[in-house]
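Reviewing the structure listed below.
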2 protein chains.
Amino acid sequence: MENVISLVEDRLKNGQWKLTNRRKHILTVLLENRGKHLSVEEVHGLANQKAPYVGLATVYRTLELFLLNDVVQSMDFGDGRKRYELCDPGSGGQQHHHLICIRCGNVVEFSRDLLKGLEPELNMRYKFKVETLQLNVFGFCRKCRPEKGSHQGTV
Amino acid sequence: MENVISLVEDRLKNGQWKLTNRRKHILTVLLENRGKHLSVEEVHGLANQKAPYVGLATVYRTLELFLLNDVVQSMDFGDGRKRYELCDPGSGGQQHHHLICIRCGNVVEFSRDLLKGLEPELNMRYKFKVETLQLNVFGFCRKCRPEKGSHQGTV
DNA sequence: TTCAGTGCAAATCATTTGCATACAC
DNA sequence: GTGTATGCAAATGATTTGCACTGAA
């Protein structure tokens, strides 16, 4: 936990940025909410359950700064607000993708491995050098999926 | 061309909607701009190069109506505006995915086939029933990709 | 000391909505 | 005729920005 903070500190300092109190505070919120996909508003709310107070604009600015430094990854589930999630430590960029249930709204992550073959394929077929890959899969999760043999409409 | 219009007309009428002048007009714009990924603002601009005038709100409403009826598919390239593109006639839903060049902004489509294996895999491993799949790949296109062996930073 | 970081309020920008009017069937 | 479609202007909601003040090195 503590070493994640100093790891981020080093990463920021590489780019002449400071790890201020507010930024450390926001980072702590992200650490305490691993695995969640937080909107800016949510981070703001969580951060301000404790002192010091952090302004909304600062949360916006800090999350974008973290994104730039591969501290977080961002995603968009199509609900009109950007969401952020801590990257796994040690590696940069996109770690995994998301299965979004269109009935209950639950979000499940799935490993990047399932797309492993895709990058070389795009490289070969389209001469396209992949940097970032964002995949959203909308559908029905384990609990909400229609029963086999029965019929059920889309929500 | 003409038969696409009547095809859409039938599809709308199934759901008690009318294919009005404005809607036909917007549909024509989409037909004349196949392969492009138009924002609402762009559709509005293109539509109003000819009579009849179409209000911006109508363009918004119409494109959402088309989306609902699988006449268009929508996408989001992360630039803060939704984009729309005509579906291939005859089939519903997502047809293909996009390679977005982060240097020149060019967008190339790639066939859904490359992800063919993914759906059954998600179904099996996660018991997830896929409905829609949105994949954005950001990177360097054929023209903009860094030369082999040389180094080039991200834009 | 000095420049980056922050809070606040105002500004932006895409999208949505209320309402009176116009149009399709 | 009757209910949907449309234009317009106002409302909304997420995000950004200007600016004066605060804080870290």
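Below, chain A is the first sequence line, B the second, and so on; all start at residue 1.
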Go through the structure and list residues passing salt bridge (Lys or Arg N to Asp or Glu O under 4.0 Å) with A:Lys36, not counting sequence neighbours. none
Euclidean distance, atom NE2 of residue B:His25 to atom C1' of D:dT6 [Å, nearest integer]: 15 Å
Any N/O pairs under 3.5 Å between the protein and nucleotides 13-16 of chain D? List them or say none.
{"from": "D:dA14", "atom 1": "OP1", "to": "A:Arg81", "atom 2": "NH2", "distance (Å)": "3.4"}
{"from": "D:dT15", "atom 1": "OP1", "to": "A:Lys82", "atom 2": "N", "distance (Å)": "3.0"}
{"from": "D:dT15", "atom 1": "OP2", "to": "A:Tyr60", "atom 2": "OH", "distance (Å)": "2.8"}
{"from": "D:dT15", "atom 1": "O5'", "to": "A:Tyr60", "atom 2": "OH", "distance (Å)": "3.4"}

If the sugar-phosphate is the primed atoms plus P, OP1 and OP2 and the base is the rest, what is the B/S/- string for nucleotides 20-25 of chain C, using protein heavy atoms under 4.0 Å? ----B-
Sequence-distant partners of A:Arg142, side-chain contact (heavy atoms from CB on, under 4.5 Å), two or more places apart: B:Lys127
Over 60° means perpendicular and under 30° means parallel, so classify the ring planes of A:His97 and A:Phe110, tilted if in between. tilted
Carboxylate-amine/guanidinium contact B:Lys129 B:Glu131, below 4.0 Å: yes
Atom OH of A:Tyr53 to atom C1' of C:dG5: distance rounded to whole Å? 15 Å
Which is more 5' along DNA chain C, the nucleotide nearest B:Arg61 or the one nearest A:Val59? Just name the residue. A:Val59
Contact class for A:Arg23 vs. all strands (heavy atom < 4.0 Å): base, sugar-phosphate, or nothing? sugar-phosphate
Within residues 43-66 of chain A or reaching into it, pairs that qualify as ring-ring contact (aromatic ring centres under 6.0 Å, His included) - sequence neighbours excluded: none
For A:Pro52 and for A:Gln16, locate the closest nucleotide of DNA chain C by heavy-atom distance; then report the residue assigned to the nucleotide nearer the 5' terminus. A:Gln16
Test side chain to side chain donor-acceptor pair (under 3.5 Å) on B:Glu64 and B:Tyr84; report intermediate values, then the result. CA-CA 9 Å; B:Glu64 278 306 299; B:Tyr84 297 85; 2.5 Å; yes
Side chain to side chain contact (heavy atoms under 4.5 Å, CB included) evaluation trace for B:Phe77 with B:Asn136: CA-CA 7 Å; B:Phe77 296 158; B:Asn136 283 341; 4.0 Å; yes
Nearest-angstrom distance from the residue atom CG of B:Leu27 to P of D:dA5: 16 Å
Take atom CG of B:Leu67 and atom P of C:dT16, then tell me their distance rounded to the nearest Å. 11 Å
Does A:Lys13 have any side-chain contact (heavy atoms from CB on, under 4.5 Å) partners at least two apart in sequence or in another chain, and if so, which? A:Glu9
